[in-house]
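Below, read A as the first sequence line, B as the second, and so on, with proteins coming before strands; counting in each chain starts at 1.
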Amino acid sequence: MDSSSLLVSPFTSLIELGGLLLVIPLMLPVIGLLLALMLGGRFLGRFMLLLLLLGLIAALAVATAVLTGGDALLYHLGGWAPPLGVALKADGLSAILLLVSAVVILAVGIYAQRDFRVPPGAPETRASLVFWMLLMGVWAGLNAAFLGQDLFTLFVALELLTFSAVPLVALDGRAETLAAALRYLLFALLGSVLYLLGAVLFYGTYATLDIALLAERIAGAPSLPPPIVAAAALMTVGLLAKTALFPLHLWLPPAHAGAPPAASAILSALVVKASFFLILRIWFDVLPGALNPMTAQILGALGAGAILFGNLIALRQARLKLLIAYSTVAQIGYLFLIFPLAASAESLALTGGMLQVVSHACAKAAMFMAAGLLAGTLGHDRIRDLGGSIRVLPITVLAFGLAGLSLIGIQPSGGYLTKTLLTAAVDGTGQWWWGLVMQAGGLLTAAYLFWVLGHALSGPPSGQVVARPGRAQELVVLALALAALLLGLLPPALFDLVGVGRAGLDASAAVSTAMAGAFGWSKLWGDVWPILVVGLLVLGMLPWPDRQANASERLAATTSSVTGHWAAALGAILERADRGLRKWPVAGLSLLVLALALAAAIATGS
Amino acid sequence: MNGPTLFGLCGAALVGLGLYGLICQPGALRKILAFNLIGSGVFLLFGVIAKRGGGALSAAGLGVDGDPVPQALIITGLVVAFAATSIAVALLLRLAEISGRSTLERAGSGSHSPTHERAPAPERAA
């Protein structure tokens, strides 16, 4: 029995459905929504778990069918082919995202069983019903965005996603989360209306919204007509606003940090990836020839800005959930390095980018849920008061650390593969500046992880334990963290999924080259020593237990030293810049400026 | 100036007005209304494209004057915009009920939500 038949055997009957298989991931969440209305909140969690499990099986079947079939799955709704009908299609990228979102949502579903259950005898709460309905809405929106082949279907999918994600932020009904949700909704609406305007211009020019037909018609033209230049710029900027790429990240930190932990995990791990995926679709599927160097450099520069700025601001955060939210701002940046690197090293850049999507989804969901367990147990999430939490929640702190290793990019994590593949692409294209940014980003990530872990590991437990988390919750967080950390150990042949439906992409060769030398001593040492130096620097600043008494004096002493003074001043300036950038009029204007810059860049190149 | 051009310019003007309102007006209700202005502008533009014809049906040689596809999409778009507006208004009403606020930025502080109190001093890790 060779490996491919071994892969296929559990799903034979599902794979025989062919394109019809794609309807299942769209139907399951909708069934869940309707069931929720009938069942009410009391026993809903268990039913949802069953649906999520079925969803995982369907996603596995799609991925297997795409990988072993070597071609994309296609389905015409109602048998009507485009341009009259609407198509669903799962290529390699869609299959990967379907699978990752099924895994992460299942994990979140297991985690949320405890947070949103209704104790026997107690009256049913609204959150216990609404959370599951919104989760199903998010899942439906994600799957539709990954499978849709029509720009308008994708618009509806994005809106479904936003309308489900926004109320998740405000689930606890406090004033500050309501304000965060409103800010998120309004900025996302600005993004989606710009996307819709772009879609209208596409339709006006080519009389179709189907991605494959558009690509065909655009490839035939000698240069991009002006409406399409405007449409590409508007759609990209609109989607950037929804992805919260720096400097359009005004809504992300309060929304992701204020939501309940299970919701934060979904928002940070998956929701921002859907709009990023549509940017990929536009630039790699609709307009494959139009990604000129100038446009790519603009997108890359925004990504680099996100990596540096997000990580530096994360270092300044006092609350764990805000730190993780700013880390998301930074990690989104890596995704946009794909664009400048894809020009001459598409295999490396796209594979690296997809690995970043997958590993960040698993790691960030694990981190947000770990932070939720810490906050639930200690009653707060102030980093300075995390002292001794390793003794209260050993598994959770371990999971947080392991997920962090993946973000830093230690072998064999998905983060390591991303960094190695993108670095190889940097070497191949000679754009050394992106390499520097990635190195700096990894070290800054290490700094804030050591800062958190140092507090969690040192000292006696401060304050009392408010509530104990469930064992299943801790284990599911650990499992997600391990998934991110061990991603590189998967057989390289599986990574070929990235290239299905895309000519000339050899993902497995790229991955096996990257993994080949990963565990050699010199490579290992070369990757680890800068991180150790950062670790020692950070640990040197922690208030250790035996010096607890004079910690404040040491604090004053270090801060008054020259370097401490400069670091503090730089931090204050950055924080002020962040507050300025996140003011609504400033963010709105930067969005317009960005749209103009992108349009100019696209026009000069075409 | 023929009809489609006039309506196209009207659509562009609505989008421009809406963008100005969405970015510059501090009140959240005004932002919601401005979003609806942009939406109307986009739908009007889509209507112009439908009137201009040359859509999928006439491209297929069915000899249909005008294009019905954008009209179907406009209706869907209206439903989506209506849903968006109702969620935004519901959030704003609840926010005003709890805290008396009707703006996104807190009055006076110029900053954002209270979850963002300044870090006491984690700058030492930087």
Residue L95(B) versus chain A: region with a heavy atom under 4.5 Å: both
Positions in residues 35-45 of chain B that reach chain A, provided some heavy atom is under 4.5 Å away: F35(B), I38(B), G39(B), V42(B), F43(B), L45(B)
Sorted by number, residues from residues 87-94 of chain B in contact with chain A (heavy atoms, under 4.5 Å): I87(B), A88(B), L91(B), L92(B), R94(B)
With a 4.5 angstrom heavy-atom cut-off, is it the side chain or the backbone of [X] that approaches chain B, or both, or neither?
X       : result
L592(A) : side chain
L209(A) : side chain
V586(A) : neither
V534(A) : neither
F450(A) : neither
A181(A) : both
L185(A) : side chain
F163(A) : both

Y448(A) and S327(A): CA distance, side-chain angles, deciding distance, side-chain hydrogen bond (donor to acceptor under 3.5 Å, both in side chains) verdict: CA-CA 9 Å; Y448(A) 59 71; S327(A) 150; 3.2 Å; yes
Spacing of Q317(A) atom CD and L322(A) atom CG [to the nearest 0.5 Å]: 5.0 Å
Between CG on residue L581(A) and OG on residue S590(A), distance to nearest 0.5 Å: 6.5 Å
Which label fits [X] and [Y]: parallel for a plane angle under 30°, tilted from 30 to 60°, or perpendicular past 60°?
X       : Y       : result
F155(A) : Y195(A) : parallel
Y184(A) : H256(A) : perpendicular
W451(A) : H455(A) : perpendicular

Test log, rule salt bridge (charged side-chain N to carboxylate O under 4.0 Å, His left out), inputs K242(A) and E159(A): CA-CA 11 Å; K242(A) 288 196 162 209; E159(A) 293 303 81; 3.1 Å; yes
Under 3.5 Å donor-acceptor, [X] side chain and [Y] backbone:
X       : Y       : answer
R183(A) : L186(A) : no
W584(A) : C24(B)  : no
S264(A) : A259(A) : yes

Top residue by heavy-atom pair count (under 4.5 Å) with chain A, among [options]?
options                        : value
V79(B), V15(B), T76(B)         : T76(B)
P70(B), G77(B), S99(B), A28(B) : P70(B)
L22(B), I98(B), L19(B)         : L22(B)

Working for salt bridge (charged side-chain N to carboxylate O under 4.0 Å, His left out), residues D381(A) and R319(A): CA-CA 6 Å; D381(A) 71 340; R319(A) 285 185 45 221; 2.9 Å; yes
side-chain hydrogen bond (donor to acceptor under 3.5 Å, both in side chains) between Y326(A) and D578(A), worked out: CA-CA 11 Å; Y326(A) 271 104; D578(A) 181 52; 2.5 Å; yes
Would you mind reporting whether [Y] and [X] have side-chain heavy atoms less than 4.5 Å apart?
X       : Y       : result
D210(A) : P83(A)  : no
F187(A) : L248(A) : yes
K31(B)  : P26(B)  : no
L196(A) : F152(A) : yes

Leading residue by heavy atom contact count with chain B [cutoff under 4.5 Å; candidates L190(A), T208(A), V156(A)]: L190(A)
